[in-house]
Amino acid sequence: MELIKTEHLYLMQSKLKDQLLAWIESNKNWPILTTSIAKKWLIDGDGLKDRSITRDLNWGIPVEKEGQPWEGMENKVFYVWFDAPIAYISSTIDWAASKKMHSDYWKSWWLNDHGAKDVHYVQFMAKDNIPFHTLSFPATLLGANQSWKLVDYIKGFNWLTYEGGKFSTSQKRGVFMDQALDLFPSDYWRWWLLSNAPETSDADFTWTSFQSCINKDLADVLGNFVSRLTKFALSKYGKTIPEGKKYTQHEFDTVSEIEKIFESYDEAMTKIEIRKAASHLRKIWSIGNEYLQHSQPWMIIKTDKAEAAKVIRFAFNLMLFFSEISEPFIPETATKIKTCLRKSEAKIQWPSLEDNFTSIFEKVKVGEEFNPIENLFTKIEDGQANSLEEQFAGN
RNA sequence: GGGGGGUUAGCUCAGUUGGUUAGAGCAGAGCGCUCAUAACGCUUUGGUCACAGGUUCGAGUCCUGUACCCCCUACCA
């Protein structure tokens, strides 16, 4: 080890301590994880310390002053968490330019005196990043004294662990992005990661859990619903949504049951309670199977083809509804379902509780056609799960 | 050392401002169905809510202490 003497720039965030604390405390609905970490840094020990924002590294954004070399700052770069959040702003400028918006458009997102007061700004991050987003970046913005928009809500997460331990790139322990998408479609990962998001404490990824979650929730509950419906309809009525009777009590009851759960789902989404939302969504999917099971179109068709056709038509409407409300969790599958119903060109429509909810289940109409569809999800076999567990166990 | 989070059924987790018999999914058991990826539906067995005190008419829910797990407290991000 060699000690060297070096001079750095510091963000004098200690001067903003009271202002930051007042701001943190004004955000009453933030996750406890977020505020507790912020307060710990603010209050503990000597309170918020000034933080160096430059580093002696040979890579990074060079420290310059107004585009010119800065005496004493040669060979220095900015510390990433000083630099990176500023790119949140600059990326907005690039984005607005790419959309050919007028040159000041980005300001309506970032400056309160240019309309950013109307913006609801949410950040998502794991707990190790919380100090930079609750303290140093806000300090940077506040210190500039220019009416910069501060974040409205910080969704802090705990960590994801791997088979009871830490992920480790060096030890090749765990699955990483470069391999994950070669192994399974992105919706598999999305579903597991979201329905098991580390919201209250660290969450542990295990292949056993992954396998069970994907097979049960996606393949059995949602995938099988689509499969049994489309295959039955195809074999009995062909590709056309059949003429049938009008909806009766069973359909209306099913709609109101769905409406009730959808309300909770909608609320969980608004409050960014991800696990809770996922479980509501899963419950709504399962109502599809319950409906079919209780309606027994395979029995009824023997005596009353129009009655069975009604069941099929309603079930297709459930299917469309499922695709619309599943889009945040499994967008690729949602699109597959819409494509099957030949409605892929229609924009995903988040159902509104204001509307007549029953009308949502009348969008798939008699006479429309659907495309036969492959199984939405392939199950993960025990052998596959076991060998993956071995493959990614690390050194 | 200081601090944060967690500890609820075999497993993963919900439990709203403390209020009567603590919930869900998975796993287990039984029954049913056969359209479907042996999938689906119905019923059902599992909990002295980590432990010990305390406050209260009443605590998983509040307070104190203890134990265990994870994390933060790096010129690594």
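Proteins come first, then strands; the chains are lettered A, B, ... in the order of their sequence lines, and each starts at number 1.
In this structure, the OH atom of A:Y291 is 17 Å from the C1' atom of B:A36, given to the nearest Å. Residue A:L42 contributes atom CG, which lies 14 Å from atom P of B:G4 at whole-angstrom precision. Between the CH2 atom of A:W159 and the P atom of B:C70 there is a distance of 13 Å, rounded to whole Å. Taking atom CE of residue A:M319 and atom P of nucleotide B:A36, one finds them 16 Å apart after rounding to whole Å.
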Inset, instruction - Using a 4.0 Å heavy-atom cut-off, write out nucleotides 25-35 of chain B from 5' to 3' as B (base contacted by protein), S (sugar-phosphate only) or - (no contact). - result: SS-----BSSB
Inset, instruction - Could you run through nucleotides 5-15 of chain B and give me one letter per nucleotide, 5' to 3': B if any protein heavy atom sits under 4.0 Å from the base, S if only the sugar-phosphate is that close, - if neither? - result: SS------SSS
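The same atom, P, is picked in B:A59 and in B:A52; the two are 15 Å apart, to the nearest Å. Atom P of B:G15 sits at a distance of 15 Å from the matching atom of B:G23, rounded to the whole Å. The same atom, C1', is picked in B:G19 and in B:C33; the two are 43 Å apart, to the nearest Å. For the C1' atoms, the distance linking B:G65 with B:C13 amounts to 28 Å, nearest Å. Look at the C1' atom in both B:G58 and B:A39: the space between them is 47 Å, to the nearest Å. Nucleotides B:A24 and B:G18, compared at atom C1', are 23 Å apart to the nearest Å. Between B:U45 and B:G10, the distance separating the two C1' atoms is 12 Å to the nearest Å. Comparing the C1' positions of B:U73 and B:U16 gives a spacing of 33 Å, expressed to the nearest Å.
A:K166 comes within 4.0 angstrom of sugar-phosphate atoms only, judged by non-hydrogen atoms across all strands, and of no base. Within the 4.0 angstrom heavy-atom criterion, only backbone atoms of the sugar-phosphate kind lie near A:D220; the bases stay farther away.
For A:K310 and A:T248, the side-chain atoms include at least one donor-acceptor pair closer than 3.5 Å. With hydrogens and angles left out, the side-chain atoms of A:S136 and A:W81 include no donor and acceptor closer than 3.5 Å. For the residue pair A:D266 and A:W350, a side-chain donor N or O sits within less than 3.5 Å of a side-chain acceptor on the partner.
Syn is the classification of B:G46, since its glycosidic angle stays within 90° of 0.
Just one of A:V255, A:V364, A:L292 meets the side chain to side chain contact (heavy atoms under 4.5 Å, CB included) condition when paired with A:F314; it is A:V255. A ring-ring contact (aromatic ring centres under 6.0 Å, His included) with A:F322 holds for exactly one of A:F361, A:F225, A:F316; it is A:F225.
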Inset, instruction - Test ring pair (Phe, Tyr, Trp, His ring centres under 6.0 Å) on A:W95 and A:W110 and set out the steps. - result: CA-CA 13 Å; A:W95 166 79; A:W110 282 104; over 10 Å; no
Inset, instruction - Test salt bridge (charged side-chain N to carboxylate O under 4.0 Å, His left out) on A:K65 and A:E71 and set out the steps. - result: CA-CA 9 Å; A:K65 199 170 194 174; A:E71 199 184 330; over 6 Å; no
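The environment of CG in A:L388 is crowded: more than 12 heavy-atom neighbours from other residues, nucleotides or ligands sit within 6.0 Å. Annotation for A:E369: atom CD counts as buried by contact number, over 12 foreign heavy atoms lying within 6.0 Å.
Judged by atom type and distance alone, A:N224 reaches the base of B:A36 through a side-chain donor-acceptor pair under 3.5 Å.
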Between protein and nucleic acid, restricted to nucleotides 73-77 of chain B and to nitrogen or oxygen atoms under 3.5 Å apart, what atom pairs and distances do you find?
| unit_1 | atom_1 | unit_2 | atom_2 | d |
| --- | --- | --- | --- | --- |
| B:A77 | N7 | A:Y79 | OH | 3.2 |

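Between A:F210 and A:F184, the gap from one ring centroid to the other is short of 6.0 Å.
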Side-chain donor/acceptor pairs under 3.5 Å, residues 377-384 of chain A, sequence neighbours excluded:
| unit_1 | atom_1 | unit_2 | atom_2 | d |
| --- | --- | --- | --- | --- |
| A:K379 | NZ | A:D220 | OD1 | 2.7 |
| A:D382 | OD1 | A:Q211 | NE2 | 2.7 |

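The main-chain N or O of A:D217 is never found under 3.5 Å from a side-chain atom of A:R282 such that the two would form a donor-acceptor pair. Judged purely by atom type and a 3.5 angstrom limit, A:K76 uses its side chain to pair as donor or acceptor with the backbone of A:E7. A donor-acceptor contact shorter than 3.5 Å is absent between the side chain of A:E259 and the backbone of A:F357.
Near RNA chain B, defined here as any heavy-atom distance below 4.0 Å, there are no residues from residues 255-267 of chain A.
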Inset, instruction - Represent RNA chain B in dot-bracket notation, 5' to 3'. Only Watson-Crick or G-U wobble pairs with both distances under 3.5 Å count; pseudoknot-style crossings use [ ] and interstrand partners use |. - result: (((((((..((((.....[...)))).(((((.......))))).....(((((..]....))))))))))))....
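A:K149 forms no cation-pi arrangement with A:W109, by the criterion of a distance under 6.0 Å to the ring centre and an angle within 45° of the ring axis. The cationic group of A:K305 lies under 6.0 Å from the six-membered ring centre of A:Y237 and within 45° of the ring axis, placing it in a cation-pi geometry. Geometrically, A:K155 does not engage A:Y153 in a cation-pi contact defined by less than 6.0 Å to the ring centre and at most 45° from the axis.
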